[in-house]
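Please read the structure below before turning to the comments.
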Amino acid sequence: MLGYESLGSYSNIFHFVTTRHGGCSTGAYSSFNCSPFSGDSIDNVADNQKLIFDNSPFDCSCLVIPHQTHGCEMAVIDEAYSMMNQEERTNILEGVDALITTLPNFCLSISTADCVPILLYDKSNKVIAAIHAGWRGTIQNIALLTLQKMQELYGTRGEDVVACIGPSISKDSFEVGEEVYSTFAEQGYDMTLVSMLNESTGKHHIDLWEANKVQLASFGIPTSQIEVAGICTYKQHTDFFSARRLGIASGRILSGIMLTQ
């Protein structure tokens, strides 16, 4: 598992990013798939999730993993959620692509395989968030919307936020059709900043890392507080799951963040 330098300096934050290695899943899920929504064996997923918390005082019961649908729905993990039974929690997490909480011991987790995982920490108000930002979510400004919800509920300010953009598909690898390129342009993105034209193929590529950085910066997060892993899941598919390489019926990396106190 990997972590972020910027989050690692906070003693009240537990966080991680999984790789493909060290688990028990097989085939296209080989081997450390932790997503329960990918078609993998439930038993293998459960065993892999337990490994996340080896050598820590926590266990996989603290994981909060939504069923993502590439939208921009958010769920706030609050006191009401903590009192729900498992069925109620499952219902709350259906169709959700971003999670927010101020409660300790709930590990907000996002599953990705080329899409962009974003972890946020408001160090002043002790608020955390985990965001799934594929190209559809990015176009819908899910990162900015999540920050605005944090501001509405808890008073989050950009200068207090540490943001981490995790392993995901890079601009070099993310070729898109004209309809996707046009949609980004229609949303007002500076296309000279978030795209490039491959002269040899005549196809455009989109930079999801930069597009999400633009959203984070627009909220007032200083560039120095935005950490980008710089790992392309498509190029490094032997170490990270890539749906473009392996197909939809394959594993997912898990990115998680939790307040421990």
Side-chain angles (χ1 to χ4, degrees), residues 4 6 17 68-74 95-100 110-122 129-152 156-236 240 242-244 253 255:
Y4 296 100
S6 55
V17 179
Q68 302 156 191
T69 56
H70 298 274
C72 57
E73 291 297 316
M74 290 169 262
V96 166
D97 284 84
L99 300 167
I100 303 169
I110 292 296
S111 311
T112 56
D114 290 334
C115 291
V116 182
I118 303 173
L119 302 181
L120 303 176
Y121 175 43
D122 172 354
I131 305 166
H132 166 246
W135 70 263
R136 292 178 179 86
T138 300
I139 284 174
Q140 295 176 75
N141 294 314
I142 189 170
L144 178 58
L145 290 171
T146 302
L147 285 160
Q148 290 173 340
K149 176 60 74 172
M150 292 166 64
Q151 182 178 62
E152 174 191 334
T156 294
R157 300 175 302 171
E159 59 262 37
D160 295 324
V161 176
V162 175
C164 299
I165 294 175
S168 42
I169 196 164
S170 66
K171 176 177 65 176
D172 290 347
S173 302
F174 190 39
E175 178 184 290
V176 301
E178 279 304 306
E179 70 286 354
V180 175
Y181 175 87
S182 297
T183 305
F184 272 89
E186 289 164 5
Q187 284 295 105
Y189 281 99
D190 180 350
M191 301 310 288
T192 64
L193 188 65
V194 304
S195 71
M196 72 172 188
L197 179 65
N198 186 327
E199 297 290 350
S200 63
T201 64
K203 298 286 188 179
H204 284 103
H205 290 225
I206 294 292
D207 189 342
L208 292 177
W209 302 346
E210 189 61 37
N212 281 285
K213 279 181 65 179
V214 167
Q215 291 181 47
L216 299 172
S218 74
F219 187 75
I221 303 177
T223 303
S224 61
Q225 291 169 205
I226 302 174
E227 182 175 351
V228 181
I231 296 171
C232 177
T233 47
Y234 183 82
K235 292 179 180 178
Q236 296 180 235
F240 299 89
S242 168
R244 282 203 168 195
I253 64 172
S255 299

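- Closest approach of His70 to Cys115, counting heavy atoms only: CE1-SG, 3.6 Å.
- Rounding to the nearest 0.5 angstrom, the gap separating the CG atom in Leu145 from the CD atom in Gln140 is 8.5 Å.
- With 3.5 Å as the limit, one finds a donor-acceptor pair spanning the side chains of Gln215 and Tyr189.
- Contact between Ser255 and Pro117 at its shortest, heavy atoms only, is OG-CB, 3.4 Å.
- The CD1 atom of Ile253 sits 3.5 Å away from atom OG1 of Thr112, with the distance rounded to the nearest 0.5 Å.
- Side-chain N or O atoms of Glu210 include none that pairs as donor or acceptor with a backbone N or O of Leu193 at under 3.5 Å.
- Between the side chain of Glu73 and the backbone N or O of Gly95 there is no donor-acceptor pair closer than 3.5 Å.
- Nearest heavy atoms, Leu120 versus Ala163: CD2-CB, 3.5 Å.
- Note: His205 NE2 to Asn198 CG = 4.5 Å, rounded to the nearest 0.5 Å.
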- Assess whether side chain to side chain contact (heavy atoms under 4.5 Å, CB included) is satisfied between Leu208 and Phe174, documenting all intermediate values. CA-CA 8 Å; Leu208 292 177; Phe174 190 39; 3.8 Å; yes
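- Separation of atoms CG (Asn141) and CZ (Phe219) is listed at 13.0 Å; rounding is to 0.5 Å.
- With contacts defined as side-chain heavy-atom distances shorter than 4.5 Å, the pair Leu119/Tyr4 qualifies.
- Side-chain contact between Ile206 and Phe184 is present, with at least one heavy-atom pair separated by less than 4.5 Å.
- The line from CD of Gln151 to CZ of Arg157 is 10.0 Å long, rounded to the nearest 0.5 Å.
- For the atom pair OG1 of Thr156 and CD1 of Ile221, the computed distance is 9.5 Å after rounding to the nearest 0.5 Å.
- Under 3.5 Å, the side chains of Trp209 and Ser168 contain a donor-acceptor pair of N or O atoms.
- No donor-acceptor pair under 3.5 Å is formed between the side chain of Asn212 and the backbone N or O of Ala143.
- For Ile142 against Ala98, the heavy-atom pair with the smallest separation is CD1-CB, 4.1 Å.
- Of all non-hydrogen atoms in Lys213 and Val228, the two that sit nearest each other are CD-CG2, 3.8 Å.
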- Message: Is there a side chain to side chain contact (heavy atoms under 4.5 Å, CB included) between Cys232 and Asp172? Walk through the geometry before answering.
- Response: CA-CA 9 Å; Cys232 177; Asp172 290 347; over 6 Å; no
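- A donor-acceptor contact shorter than 3.5 Å is absent between the side chain of Asp97 and the backbone of Ala133.
- Between Ile165 and Leu216 there is a side-chain heavy-atom pair separated by less than 4.5 Å.
- Of all the heavy atoms in Glu227 and Ser6, the pair that sits closest is OE1-OG, 2.5 Å.
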- Message: Does Ile231 form a side chain to side chain contact (heavy atoms under 4.5 Å, CB included) with Val17? I'd like the steps, not just the answer.
- Response: CA-CA 12 Å; Ile231 296 171; Val17 179; over 6 Å; no
- Query: Would Arg244 and Thr233 count as a side chain to side chain contact (heavy atoms under 4.5 Å, CB included) if you check the C-alpha gap in whole Å, the side-chain angles of each, and the deciding distance to 0.1 Å?
  - Reply: CA-CA 9 Å; Arg244 282 203 168 195; Thr233 47; over 6 Å; no
